[in-house]
Amino acid sequence: MLKRIVSFFSLCLLLILNSSCFDILEEINLNKDGSGTMVFTINMSKSKTKLASMMLLDSINGYKIPSEDDIALALNDVVAHLKKAKGISNIEQRKDLENYIFSVSCDFDAIGSLNGLTSKLIQDQNKRENTNFETSNFAYSPSEMVFERKFTYDPSIKKSFDHLKKEDKKVFQDASFTAIYRFEDLVGNTSNTAAKIAPSKKAVMLRVDAMSFIFGQKTIQNKIKLINSK
Amino acid sequence: MKNLYTFILTLVLVLAAQAQDLANKIPSDANVVVTVKGKNVLQLLSLKEFSESKLGQQMVKEINRETKGELGAIEDLGLNLKENFYYFLQTKDGVFYNTFMIPFSDTDNMTKLFLNEWDEVITDGEASYVQKKYDGSLVIWNKTTMAVVIPSDQSNDYYDDYGYYDYNDYSIPPVAAEETLEAVEEVEETVIEAVEATETVEEYAEEVVIPKPTASAYDYDNNSEYQKDIERKRLERRAKRDERQQAQNKGTLDFAKQLLIGKPPRNILQNNSYKKSLGKGGDEAMVWMNDFSKFYKEMLPKDLLGPANPYEFLNLDEIYGGMTLTGRLNFEEDQAVMGMEYTMNDALAKAYKPMYNGKFNKNFLSYINEDRLLGYLNVNLSTQGILEAYPSLIETMFTGKKEGADSKAETIAAATTSITRLFSLLIDEEGASKIIRGDMLLLLTDLREKEVTYVDYEYDEDYNYKKIKKTKTETVPDFLFLFTSEEEKMFKNFMKIGVSEKKVDYQNGIYFIDASGSNPFDIHVMYHDNTVFIGSSLEHLSQIRKGTYPAKLSNQLKKDIRNNATSFYINGKSIVSRIPSEAFPRELRDNIDFLTNNTEDLKVNFSKIKGNTMSGEMILQIPDEGHKNSLAYFFNLVDKLME
């Protein structure tokens, strides 16, 4: 009863008053032989007041709000999907419902194993929507010592964004994507001028705000040339 | 004799007045009647003012487009805006007739509205009409009246448009069946021979290839007889549908002609319930809904809901019989008021009365500070009344099996009444009402800035990161929820469990539950003065405990809270002025001043049941300045938002 009344009255105000945004963090630690670890994190803690309010309601703007159980199920699905992939091991999931931070990590034998996870989904997407996304996300050539984060912008991203309701677009206004790649060798140069090379020369960080990404003004595509550190 | 003259004079006057009004054309058994009083509306907003508004301009543009430039103003339509406009709904032989009755000064320009080649204007005596063949809807007019009739057939025949009920025998024809059987036998023989050969030559692992049947399985899709049959069925269905549509169109036309030219044997002004609902006549618009049970039965025909129709088990006559609804819209100078009245039958009123007859805890008024108040929701119900009334209400709903009803209805009625009776015997209604009496109040007490923490990352030279806690300021509403309870001991025991389980903290008589992932508020709870308080502000609860809470409330709001079964209030101006500008949608940010100056209070009150009637009203206050009246206010608001 109380939950119903509160949801009627004050949660609506909370939703109006507080902003929502999220950060995506993609981390890869790459060994010399092309194996390594990956961590993929979604951090929504800046919006936790709004999210907690949303989760007390059944749906907002016509979308069903997932419960804690729904979130746990979705994470389990991701883990189950990873377990089926070749060359992927040590899969772990972490969920912090206090701060709304969710992450999945795994080890890979070769970076190409990560592509197998998404290539089918991307192929289907390209076929269905007539888009032109890269079907592989990562590549590493030990002989040339080049690590590549592949990505081709497709105007369908902006088109999908344009179709969103105004309220839903707000979610992306302060959202960002951060990629961190760490290597055993030294970084020579990066193709993406927005990427920063760590003072130690052993890592690269690229931060792209969601709006620039959606409108194709900035890309997450990057080619990193490594130098043998001996 | 003097009385007789007075009576005759009054009668003539009434009849003369009725002759001017289109209401005398509405049959007395209409289910719904909506009245828009042109004269009252014109007093608030002239045609010139309406034409100059954004909505008016759009309407003029539309008229111009429809008439291919022949008409250029609303006046050109020839509407008689001083008279009443009506909508009514009548059901006849399973057809719903939605009818709009519009008074005209002259209809000379009507034909200019139908310039498209598919709009054929037919003149039959005094009446002219245009009817759409595919759905039968029509516009009909004579010199002073126009009626728009939109029929809606409720019969189940439409559900066979796709041939769902065709159950022809499409079994395989004998010749084809024989061929298929022979082919199957042939395959079987081949399999047997192959198995025998395999058994005799065991040393060789040979693959046995089973030949494919020489005749394929019967192919429905390419069978011309079948296709012809399907086509024949389709044409039959179409002819039947066309025939039905034509009959319905004729029915609609007869209905419309009768409406325009004739008079019903009894008109709606002779319906006492409708007459009573007319009130003093000062309203701008009115809605009246007749007997709900009749309406529900016609709205939800048995055939439409199928064999598992849940309404078959309910006794609609007992629940909704004699129940009417009246709504009135009144645009006053300083407020717009929408009034509603539900009149129910004696049985329902008897069941509902004790539920809504809750006691009000006067102390609640000491916990409201109108200076900071954003809104409230108050409910004065009686828990004891509800628990005592529900069993008999359920029994009334399910008993009294109707003729032809599902045989399960009796079983369901017996089961439900047994369960409610058992519940009634087990529960102590008076005792339960000591836990929650039924009067409760939810207040939005304030908007305040609150520091909240969130997790961010700090990177070292190798872009390794560690999580750090940062803070930011958010605007959050404070709420306070209170309800009367005599069970202090039970409350304290519940809290003790929370404290011992370390889910709840306790200090100075106030319990505290920290905001967590699943709870966006800090929650403070206390028991004080026969009341349970649950609120987000420790300060407010501490003040209430010490008796120093700065209570302040206008007499009008006190009356609303105290005297109604339910009341709801939103302090629009306060909310709009205190919401940070960045929380508004970007397109409204330039108009925040306009919104702040033009948003006032909204109130909704529902009274306790008096006699057999429960009444409610929604009141929207409008600003003192800047608007001629509340109707003009709405047009001004739309104009601003459309800019």
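In this text the structure is predicted, and so the values were computed from the model without any measurement. First the proteins, then the strands, lettered A, B, ... as listed; each starts at 1.
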- Part of Tyr457(B) lying under 4.5 Å from any heavy atom of chain A: side chain
- Indicate yes or no for a side-chain donor-acceptor contact from Asn99(A) to the backbone of Tyr454(B) under 3.5 Å, with no hydrogens or angles considered. no
- Which heavy atom in Lys46(A) sits nearest to a heavy atom in Lys472(B), and how many Å separate them? O-NZ, 2.6 Å
- Task: May I ask you to check whether over 12 heavy atoms, not counting those of Lys225(A), lie within 6.0 Å of atom NZ?
- Result: yes
- Query: Given that the side chain runs from C-beta out, which part of Ser536(B) has a heavy atom under 4.5 Å from chain A: side chain, backbone, both or neither?
  - Reply: neither
- Note on the structure: Honestly, the part of Val452(B) sitting under 4.5 Å from a heavy atom of chain A is side chain
- Message: So for Ile197(A), is it side chain, backbone, both, or neither that comes closer than 4.5 Å to the heavy atoms of chain B?
- Response: backbone
- Side chain, backbone, both or neither: which part of Asp478(B) has a non-hydrogen atom closer than 4.5 Å to chain A? neither
- Item | Tyr390(B) atom OH, over 12 foreign heavy atoms within 6.0 Å | no
- For Lys196(A), is it the side chain, the backbone, both or neither that has a heavy atom under 4.5 Å from a heavy atom of chain B? both
- Out of curiosity, Glu98(A) CD to Thr453(B) OG1, how far, rounded to the nearest 0.5 Å? 8.5 Å
- Message: How long is the straight-line distance from CD of Glu474(B) back to NZ of Lys48(A), given to the nearest 0.5 Å?
- Response: 9.0 Å
- Query: Does NZ in Lys150(A) sit with more than 12 non-hydrogen atoms of other residues, nucleotides or ligands closer than 6.0 Å?
  - Reply: yes
- Message: Please determine whether the number of non-hydrogen atoms from other residues, nucleotides or ligands lying under 6.0 Å from atom CZ of Phe494(B) exceeds 12.
- Response: no
- Test side chain to side chain contact (heavy atoms under 4.5 Å, CB included) applied to Asp462(B) and Phe183(A), step by step: CA-CA 10 Å; Asp462(B) 289 327; Phe183(A) 307 96; over 6 Å; no
- Please report the closest heavy-atom contact between Tyr463(B) and Arg182(A), naming both atoms and the distance. O-NH2, 2.8 Å
- Can you tell me how far the CD1 atom of Ile180(A) sits from the CG atom of Asn464(B), to the nearest 0.5 Å? 8.0 Å
- Task: Give a yes or no on this: more than 12 heavy atoms of other residues, nucleotides or ligands lie within 6.0 Å of atom OH of Tyr352(B).
- Result: no
